[in-house]
> 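Mind looking over this structure? Questions follow.
Just the heavy atoms: all of them, side chains too, but no hydrogens, waters or symmetry mates, feed the values below. So you know, we letter chains A, B, ... as the sequences are listed, proteins then strands, and number each from 1.
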2 protein chains.
Amino acid sequence: MKEILEAMKATNSAFTDEVIAKGNVGALEQVYTADARVLPPGAEMVSGRSAIQQFWAGAIQGLGLKRAVLVTVEALPAGDGVVEIGRADLDTASGGLSVKYVVFWRQEAGRWKWHVDIWNPNS
Amino acid sequence: MKEILEAMKATNSAFTDEVIAKGNVGALEQVYTADARVLPPGAEMVSGRSAIQQFWAGAIQGLGLKRAVLVTVEALPAGDGVVEIGRADLDTASGGLSVKYVVFWRQEAGRWKWHVDIWNPNS
């Protein structure tokens, strides 16, 4: 489990350091599986990596997302996958936003990635 | 998987028919594992069945929740568990509310129950 947690950290860093901080949505390939699902608050479910890239490009621009910090609260083994409960702090153009999330992780080509991703605000 | 889906349906019916329609929060014992986690939008994470009973009692009263319809969109095998993506339509005192959800299911004493439960509104 320790090695899996390390691998998860690397993927989360790709999201925070590449996708959010640098706006490089191409790096989402390292974050989400090809047939991943994103369930964002206030919008319909988004399916598949290219739709997910569009979603995040729009969210980064629309919200002025500049920084994200992800903290794993719990990682529950789930067969070949892991169910993670976490917290995220986001800096947007209109201020800070604290959310909690659940991610179902799966391996794709030897890399741990987000297969199902859902979150909501704490307040 | 077919039998598991049937068992999941029975648990979902306990939630919609007993807990929501009749306001019987005691039936949440059949729905959530003892150490389940609920991550509701606009509030902090709720841990453990008795805190979850309090949460739902408050939500049913506070929102005037009268009716819930749950539809499984996808059920992904996850070792001993299942990751379910679904949609829920809720009738509240102030009108209808459509949400999407992710539930991590686990067996407890031979019954399939919600171990991690998170949702958010579609609009």
Side-chain angles (χ1 to χ4, degrees), chain A residues 1 4 32-48 51-52 55 59 62-63 70-90 97-108 112-123, chain B residues 1 4 8 32-48 51-52 55 59 62 70-90 97-108 112-123:
Chain A
M1 194 70 194
I4 298 174
Y32 287 97
T33 62
D35 54 345
R37 307 265 186 278
V38 173
L39 293 87
E44 293 290 329
M45 182 163 80
V46 181
S47 297
I52 289 171
F55 166 78
L63 297 173
L70 306 179
V71 177
T72 301
V73 174
E74 265 185 276
L76 308 168
D80 295 338
V82 169
V83 173
E84 179 199 13
I85 299 173
R87 309 185 142 267
D89 287 302
L90 310 170
L97 184 64
S98 289
V99 307
K100 53 200 173 311
Y101 66 82
V102 171
V103 169
F104 179 40
W105 292 75
R106 269 196 186 160
Q107 273 185 289
E108 185 185 67
W112 284 90
K113 296 188 183 179
W114 304 355
H115 190 55
V116 179
D117 179 21
I118 182 170
W119 67 93
N120 63 37
N122 295 342
S123 59
Chain B
M1 195 68 194
I4 297 175
M8 288 166 59
Y32 287 97
T33 62
D35 54 344
R37 306 267 187 275
V38 173
L39 294 85
E44 292 290 328
M45 182 164 79
V46 181
S47 297
I52 289 171
F55 166 78
L70 307 180
V71 177
T72 301
V73 174
E74 266 185 277
L76 309 168
D80 295 337
V82 169
V83 172
E84 179 199 13
I85 299 174
R87 309 186 140 266
D89 287 303
L90 310 170
L97 183 65
S98 291
V99 307
K100 53 200 173 311
Y101 65 82
V102 172
V103 168
F104 179 40
W105 292 74
R106 268 195 187 163
Q107 272 185 291
E108 184 185 68
W112 283 90
K113 296 187 182 179
W114 303 355
H115 190 54
V116 179
D117 180 21
I118 182 170
W119 67 94
N120 63 38
N122 295 341
S123 59

> Need one label for V102(A): side chain, backbone, both or neither, based on atoms under 4.5 Å from any heavy atom in chain B.
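Both parts, backbone and side chain.
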> Check whether any side-chain heavy atom of L76(B) sits under 4.5 Å from a side-chain heavy atom of H115(A), and report yes or no.
yes
> Is it true that, when you exclude D35(A) itself, more than 12 heavy atoms of the residues, nucleotides or ligands shown sit nearer than 6.0 Å to its CG?
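Yes - once you tally the heavy atoms of other residues, nucleotides and ligands closer than 6.0 Å, there are more than 12.
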> Please determine whether the number of non-hydrogen atoms from other residues, nucleotides or ligands lying under 6.0 Å from atom CG of D89(B) exceeds 12.
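Yes, the 6.0 Å shell around CG holds more than 12 heavy atoms from other groups.
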> Between V73(B) and M45(A), is a side chain to side chain contact (heavy atoms under 4.5 Å, CB included) present by the stated rule, with each step listed?
CA-CA 11 Å; V73(B) 174; M45(A) 182 163 80; 4.3 Å; yes
> Between E44(B) and K100(A), what is the shortest heavy-atom contact and its length?
C-CE, 4.0 Å
> Which atom names give the shortest non-hydrogen contact between L39(A) and Y101(B), and what distance separates them?
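So the minimum-distance heavy-atom pair works out to CD2-O, 4.1 Å.
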> Give a yes or no on whether the backbone of I118(A) and the side-chain of N120(B) come within a donor-acceptor separation of less than 3.5 Å.
no
> Which residue out of A43(B), S123(B), P121(B), G81(B) racks up the most heavy-atom pairs below 4.5 Å with chain A?
A43(B)
> Determine the option with the most heavy-atom pairs under 4.5 angstrom with chain B, choosing from G42(A), P77(A), S98(A).
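Among the listed options, the one with the most contacts to chain B is G42(A).
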> Looking only at heavy atoms and a cut-off of under 4.5 Å, which of R87(B), R106(B), E74(B) has the most pairs with chain A?
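If we count pairs closer than 4.5 Å to chain A, E74(B) comes out on top.
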